[in-house]
Amino acid sequence: MADLQHILDDIAHDMAGATERGRIADYIPDLAAVDPRHFGIAVVDADGRTFLAGDATTRFSVQSITKVFSLTMALGTTGDALWQRVGREPSGTAFNSIVQLETEQGIPRNPFINAGAIVIADVLLARHEPRETIAEFVRFIRQLTGDDSIVIDRHVAAGEQATGYRNVALANYMRAFGNIRHPVEKVLGTYFHQCALAMDCRQLAMAGRYLMMGGTDPETGRSVVTSQRARRILALMLTCGHYDASGDFAFRVGLPGKSGVGGGILAIAPGSASIAVWSPGLDAKGNSLLGRRALERLVQHTGWSVFEPMACVMPDNRP
Ligand code: GLN
C-alpha cells in the first residue's frame, strides 16, 4: 500500500477540483448556508495514528451520523429489549419516509432512519429530562473522542425545530401507535439537539474508534460495548447506514458506514481504521456525493473491505 498520507492528499486534491458536487441539504436553514466546496477526510488507524487531509479540522453538522452513538447509548441502557420497538431491516425508503409506519404498526424499520432515531431518543428519555439526556449524550461523545471542546450547535437545532414538520409528523404518528412514550416536543427537542452536534472529521474518526476495535476504547481500554454489540452496530451500519442507497454503498465501498445530511460519513474498517469524510453536497438519496467517492478511492488503494478474505480467521487461529 502506498503511504496513507499520500493517498489522502491525492484524494483531497482530486475532490477539491471536482465540478459535480451534489446538492446541499437546504431544508435545515443553517445547512443551506454551508460552502459546498469543503472537503475533508480523517483516518485513525488501529495503532492510534491519525492522518488528515483537506478540511479535516473544520466542524460541520454531524446530523444522522449521531444515530450510531445514540443507538450505542440506548443499547447500553435498555439492552436487547430495544428491538421490540425498532426493527433491524433496511427500509428501502428515504431517511424521512413515513409510508412503512402505517403497515408496520408504528415500529420503524431500523434505528438509522429518522423514525427509528426518534424512538431511540424516546428510549433515552426514560432516565432523564431532555436537558440531561443531551448533556449525557455530549459527555459520551467527549469521552469517545477525548475532546471536551465538542458541543451542540444550538442554532442548527433551533432552525430544525422550527421547520422539521416531517419529523413532527413521524413522532406524532408513532405516538398514536404507543411507540413514543414521552411528550412529542420533548422527544423531538432531544432528537434535533442530538443531530445538531458539531464535529470535524478528525473528531468523528476518533469517536468511531470503539467500533474499529471490537467495542473497546483504545485510549482507555474501557469497554464501550461488548464485541458482539459492536459487530451488530456495524452490521446495521452496513445494511441501513445509507438509507435506500445502503446496498450501493456496500457494493462500492464494502465497509459499514453512516451518513448525515450535513455531508459527513463515518466508515469503519474493523481492526484497521476509523474513517470520517465530509463534503456538504448530497446525492439524490441524501448521502454525501464526494464523501462516498472519496471512500471508494480510499478502499481501492488500501484494500479495506469487510468482504475481503483476511477479514475472517479460523477460530483456532484467533489470538
Ligand atoms: N436532522 C435530520 C433530519 O431529521 C437528520 C437527517 C439526516 O442526517 N439524514 O431530517
Side-chain angles (χ1 to χ4, degrees), residues 22-34 59-71 86 90-99 101 108-122 124 130 134 137 141 152-174 180 184-199 201 204 207 236-237 239-246 248-249 257-267 276-289 291-292:
R23 270 198 67 205
I24 301 266
D26 52 9
Y27 75 99
I28 299 176
D30 282 37
L31 296 190
V34 176
R59 294 191 192 209
F60 60 92
S61 197
V62 182
Q63 295 293 327
S64 284
I65 305 169
T66 61
K67 293 170 182 174
V68 173
F69 306 116
S70 61
L71 170 66
V86 191
S91 68
T93 58
F95 66 90
N96 54 8
S97 173
I98 200 167
V99 289
L101 281 179
R109 274 283 173 103
N110 66 66
F112 294 153
I113 51 174
N114 284 13
I118 292 169
V119 170
I120 301 282
D122 187 62
L124 293 176
I134 282 298
F137 177 74
I141 301 291
I152 282 167
D153 185 331
R154 292 185 183 281
H155 203 258
V156 171
E160 198 175 356
Q161 204 139 17
T163 58
Y165 305 112
R166 255 180 184 269
N167 289 319
V168 174
L170 290 169
N172 276 297
Y173 202 53
M174 292 189 289
I180 292 291
V184 163
E185 313 74 62
K186 288 190 177 185
V187 177
L188 287 175
T190 305
Y191 170 74
F192 289 139
H193 280 81
Q194 165 199 319
C195 287
L197 189 73
M199 286 166 94
C201 289
L204 196 53
L236 289 167
M237 288 169 72
T239 52
C240 312
H242 282 72
Y243 316 110
D244 45 343
S246 299
D248 192 53
F249 186 83
K258 181 74 205 83
S259 68
V261 285
I265 301 176
L266 173 67
V277 279
W278 172 53
S279 170
L282 308 179
D283 62 18
K285 302 285 172 82
N287 303 309
S288 175
L289 181 74
R292 196 253 297 140

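Along the sequence shown, the residues carry numbers beginning at 1. As the structure lists them, so they are numbered: ligands from 1, and atoms in each ligand from 1.
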S.K.: Hey, does Tyr243 sit under 4.0 Å from ligand 1 if you only count heavy atoms?
M.R.: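 Contact present.
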
S.K.: Backbone, side chain, both or neither: what part of Ser64 comes under 4.0 angstrom of ligand 1, heavy atoms only?
M.R.: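 Both backbone and side chain.
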
S.K.: Do the rings of Phe249 and His242 sit parallel, tilted or perpendicular, given the 30° and 60° boundaries?
M.R.: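 Plane angle under 30°, so parallel.
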
S.K.: Give the residue, atom name and distance (to 0.1 Å) of the protein heavy atom nearest atom 1 (N) of ligand 1.
M.R.: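 Ranked first by proximity to atom 1 (N) of ligand 1 is Gln63 OE1, 2.6 Å.
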
S.K.: Flag the pair Glu160 / Asn167 as yes when at least one side-chain heavy-atom distance between them is below 4.5 Å, and no otherwise.
M.R.: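 When only atoms from C-beta onward are counted, Asn167 and Glu160 do touch, with a gap below 4.5 Å.
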
S.K.: Would you say Asn114 touches ligand 1, if touching means a heavy atom closer than 4.0 Å?
M.R.: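 Heavy atoms of Asn114 do come under 4.0 Å of ligand 1.
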
S.K.: List ligand 1 atoms under 4.0 Å from Phe95, heavy atoms only on the residue side.
M.R.: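 Counting atoms of ligand 1 from 1, those under 4.0 Å from Phe95 are 6 (C), 9 (N), 10 (O).
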
S.K.: State, yes or no, whether a side-chain contact exists between Ser70 and Tyr191 at a heavy-atom distance under 4.5 Å.
M.R.: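 Answer no - side chains too far apart.
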
S.K.: Using heavy atoms and a threshold below 4.0 Å, how should the contact between Asn167 and ligand 1 be classified: side chain, backbone, both, or neither?
M.R.: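 The side chain, only.
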
S.K.: So, does Asn110 use its side chain to make a donor-acceptor pair with the main chain of Ile113 at under 3.5 Å?
M.R.: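 Yes, Asn110 side chain to Ile113 backbone: donor-acceptor pair under 3.5 Å.
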
S.K.: May I ask you to test the Ile134-Thr190 pair for a side-chain heavy-atom distance under 4.5 Å?
M.R.: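 A side-chain contact under 4.5 Å exists here.
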
S.K.: Which residue supplies the protein heavy atom nearest to atom 3 (C) of ligand 1, what is that atom called, and how far is it?
M.R.: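 Protein heavy atom with the smallest distance to atom 3 (C) of ligand 1: Glu160 OE2, 3.0 Å.
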
S.K.: Does any part of the side chain of Lys258, heavy atoms only, come nearer than 4.5 Å to the side chain of Ser64, both counted from C-beta?
M.R.: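 Counting from C-beta outward, Ser64 and Lys258 do come under 4.5 Å.
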
S.K.: Return the CZ to OH distance between Arg166 and Tyr27, rounded to the nearest 0.5 Å.
M.R.: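 It is 9.5 Å, given to the nearest 0.5 Å.
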
S.K.: Under 4.0 Å, heavy-atom basis, I'd like to know which part of Val261 is in contact with ligand 1: side chain, backbone, both or neither.
M.R.: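 The answer is both, backbone and side chain.
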
S.K.: How far is atom 4 (O) of ligand 1 from the closest protein heavy atom, and which atom is that?
M.R.: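 Of every protein heavy atom, Tyr191 OH, 2.7 Å lies nearest to atom 4 (O) of ligand 1.
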
S.K.: Of the protein's non-hydrogen atoms, which lies at the shortest distance from atom 10 (O) of ligand 1, and what is that distance?
M.R.: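 For atom 10 (O) of ligand 1, the nearest protein heavy atom comes out as Tyr27 OH, 2.5 Å.
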
S.K.: In terms of atom number and element, which parts of ligand 1 are under 4.0 angstrom from non-hydrogen atoms of Cys195?
M.R.: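 Checking each atom against Cys195, I get 1 (N).
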
S.K.: Which of the atoms of ligand 1 are close to Gly260, meaning less than 4.0 Å from one of its heavy atoms?
M.R.: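 With Gly260 as reference, the close atoms of ligand 1 come out as 8 (O).
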
S.K.: Considering only heavy atoms from C-beta outward, does the side chain of Leu204 approach that of Phe60 to under 4.5 Å?
M.R.: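 They are in contact (side-chain heavy atoms under 4.5 Å apart), so the answer is yes.
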
